[in-house]
Amino acid sequence: MSQSSQPRPTKVTPLSGFPEYLPEQRVVEQHFLDVIRSTFELHGFPSIETRAVEPVERLLGKGGDADKEIYAVSRLAADLEAGGDAELGLHFDLTVPFARYVVEHAGRLSFPFRRHQIQKVWRGERPQEGRFREFTQCDIDVVDVGELAPHFEAEMPLVMAEIFAQLPLPPMVIQVNNRKIPEGFYAGLGIEDVAGTLRVVDKLDKIGPEAVTELLTGQGLRAEQAEQVLRLASIRTEDTSFVERVRALGVEHPVLDEGLAALAAVIDTGMTNAPGALVADLKIARGLDYYTGTVYETQLIGYEEWGSFCSGGRYDSLASDGRTTYPGVGISIGLSRLLALLFAKDLVRATRKTPAAVLVAVIDEDSRPVSVRVATSLRGRGIACEVAPSAAKFGKQIRYAERRGIPFVWFPGAGEGGDQVKDIRSGEQVDAQAGSWQCPAEDLRPRVVRTT
RNA sequence: GUGGGCGUAGCUCAGCUGGUAGAGCAUCGCGUUGUGGUCGCGAGGGUCGCGGGUUCAAGUCCCGUCGCUCACCCCA
């Protein structure tokens, strides 16, 4: 009866494509973020953050059918009042905002300008496994004025290879191509629709060579052209031998030569500095609308069907203010997709779901200040801990710790001369002093470990 | 945007050809006076996505709608 006067709570329903993590998953995410950030910094990439919104006009500027992807942002009241078009949209990547940032702050930046950026992005696409509407990207880019030295194209994947090597992941391989190779090759074959051809070639892994041949001839390619296109696409080498294999196909074009030289330089650098991390794969397409040179794509070996977890490439005109052109090269980790795979397949796990290493037990509420003092002392030495929420029976306090994975329970005044601490995994309980007890290093904070 | 599948407790699901809801797991409590995990007993928790229709009666049939999911498209 009186219930009817209470506002009914809005029903909670899941929102597809907007992932939220449990604390134990967040431990994993934060560890990954820590490794990514520190490695970016180790390579001298300072951090920036851009606003979440850009003018819709700017977001649409990059071609493609971006309009389907963009979430418009406007005041609710503005919609009701004017019904006007939204002028702002949430960014769907970090490259567009970065390009705008470069132009806007060009006068205060030093070029070549390198930066890293770790932020959420939003895309209005249909969510699927590993594809979200809100997700986190971790980008590094280098941008210069007028010209960009090609060696930066070799630097990008080295940074990523270093990150992957530090994370508890199955082996990953960064596949590299240079857009100029297929472009020059196709031009040498007399194929005009480069983008259309690449789009089909990109499906090779998914639908197989026969279906690709069918699609290519359907697009107007002659049988021998389609055959050559497939031959090029099938080339994949861990060293620079791809150059000879392309040459052996007998197609010649100056743009092809440029592409081969550029890719050979990237692979060469990779072989020296990150052996085994890079592979030249001539079917990689990526971002048809804007990449102009090197392109990167990354797969987890054994989980190829999940797609790329880290991709990027070179833009001859990342940004432009009309008079000056800023070429750039960048690469980005799709952290959310990576985590989605790891969680779905249970490949990694956090050793516990709370930062606390110690639960300080409470004897009774009157002695809570004693327990708080213990906690303060432990924290003063960098040992994360919490005080038991209630002076329940010790069994319940231990269970409280156990449920959360807290490895130690501290009992004030339990010993002859003072306190005791119990490792609840082994059951071992020893005398200890809050001012000097050493927490084992591996228990100091939650760790992320591979399960297999 | 297009097409298929599905929407019952926090989670995974059962509920036959319509007769006013169940299991397992999880959570919490108890198993007597301060040391957990096993085990036993018990409890809480559901407008059966929402709206309408057929019927004496709908979780169960019909229509609509919303959501979730898979695939396509695309992927910055």
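Please read all numbers here as calculations on a predicted model, not as lab measurements.
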Please write out the pairs of protein N or O atoms and N or O atoms of nucleotides 25-28 of chain B separated by less than 3.5 Å, giving the distance to one decimal.
from	atom 1	to	atom 2	distance (Å)
rC28(B)	OP2	Arg403(A)	NH1	2.7

Next on the checklist: What does the B/S/- profile of nucleotides 2-12 of chain B look like, 5' to 3', with a 4.0 Å heavy-atom cutoff to protein?
Outcome noted: B----------
Item to check | Any Gln429(A) side-chain N or O less than 4.0 Å from OP1/OP2 of rU35(B) | outcome: no
Checklist outcome for this item: Heavy-atom nearest nucleotide on RNA chain B taken for Ala392(A) and for Asp93(A); more 5' hit belongs to Ala392(A)
Checklist outcome for this item: Re rG10(B): Watson-Crick or G-U wobble partner, both distances kept under 3.5 Å, found to be rC25(B)
Checklist entry - If we take the C1' atom in both rG44(B) and rG49(B), what is their distance in whole Å? => result 23 Å
Item to check | OP1 or OP2 of rC75(B) under 4.0 Å from side-chain N/O of Arg337(A) | outcome: no
Next on the checklist: With rounding to the closest Å, how many angstrom separate the C1' atoms on rA26(B) and rC11(B)?
Outcome noted: 7 Å
Checklist entry - Atom OH in Tyr186(A), atom CD1 in Ile191(A): separation rounded to 0.5 Å? => result 6.5 Å
Checklist entry - When rounded to the nearest Å, what value does the distance between C1' atoms of rC62(B) and rU55(B) take? => result 12 Å
Next on the checklist: Tell me every residue that passes salt bridge (Lys or Arg N to Asp or Glu O under 4.0 Å) with Arg399(A), counting only those two or more places apart in sequence or in another chain.
Outcome noted: none
Next on the checklist: Looking only at the side chain of Ser16(A) (C-beta and beyond, no hydrogens), which of the listed nucleotides rC68(B), rC70(B), rG31(B) gets closest?
Outcome noted: rC68(B)
Next on the checklist: Taking Asp316(A) first and then Arg314(A), would you say they form a salt bridge - that is, a charged N and a carboxylate O separated by under 4.0 Å?
Outcome noted: yes
Checklist entry - Checking Arg115(A) against Phe98(A): charged group under 6.0 Å from the ring centre and within 45 degrees of the axis? => result yes
Next on the checklist: Does the Lys NZ or Arg CZ of Arg26(A) fall within the cation-pi geometry relative to Tyr21(A) - under 6.0 Å from the ring centre and within 45° of the axis?
Outcome noted: no
Checklist entry - Between rC61(B) and rC16(B), how far is it from one C1' atom to the other, in whole Å? => result 15 Å
Checklist entry - For Gly312(A), which contact category applies under a 4.0 Å heavy-atom criterion: base, sugar-phosphate, or nothing? => result nothing
Checklist outcome for this item: Side-chain contact check for Arg133(A): nearest option of rC74(B), rG34(B), rC68(B) is rC68(B)
Item to check | 5' priority, RNA chain B, between Pro127(A) and Gln397(A) [closest heavy atom] | outcome: Gln397(A)
Next on the checklist: Measuring to OP1 and OP2 of rG34(B), would you say a side-chain N or O of Lys422(A) lies under 4.0 angstrom away?
Outcome noted: no
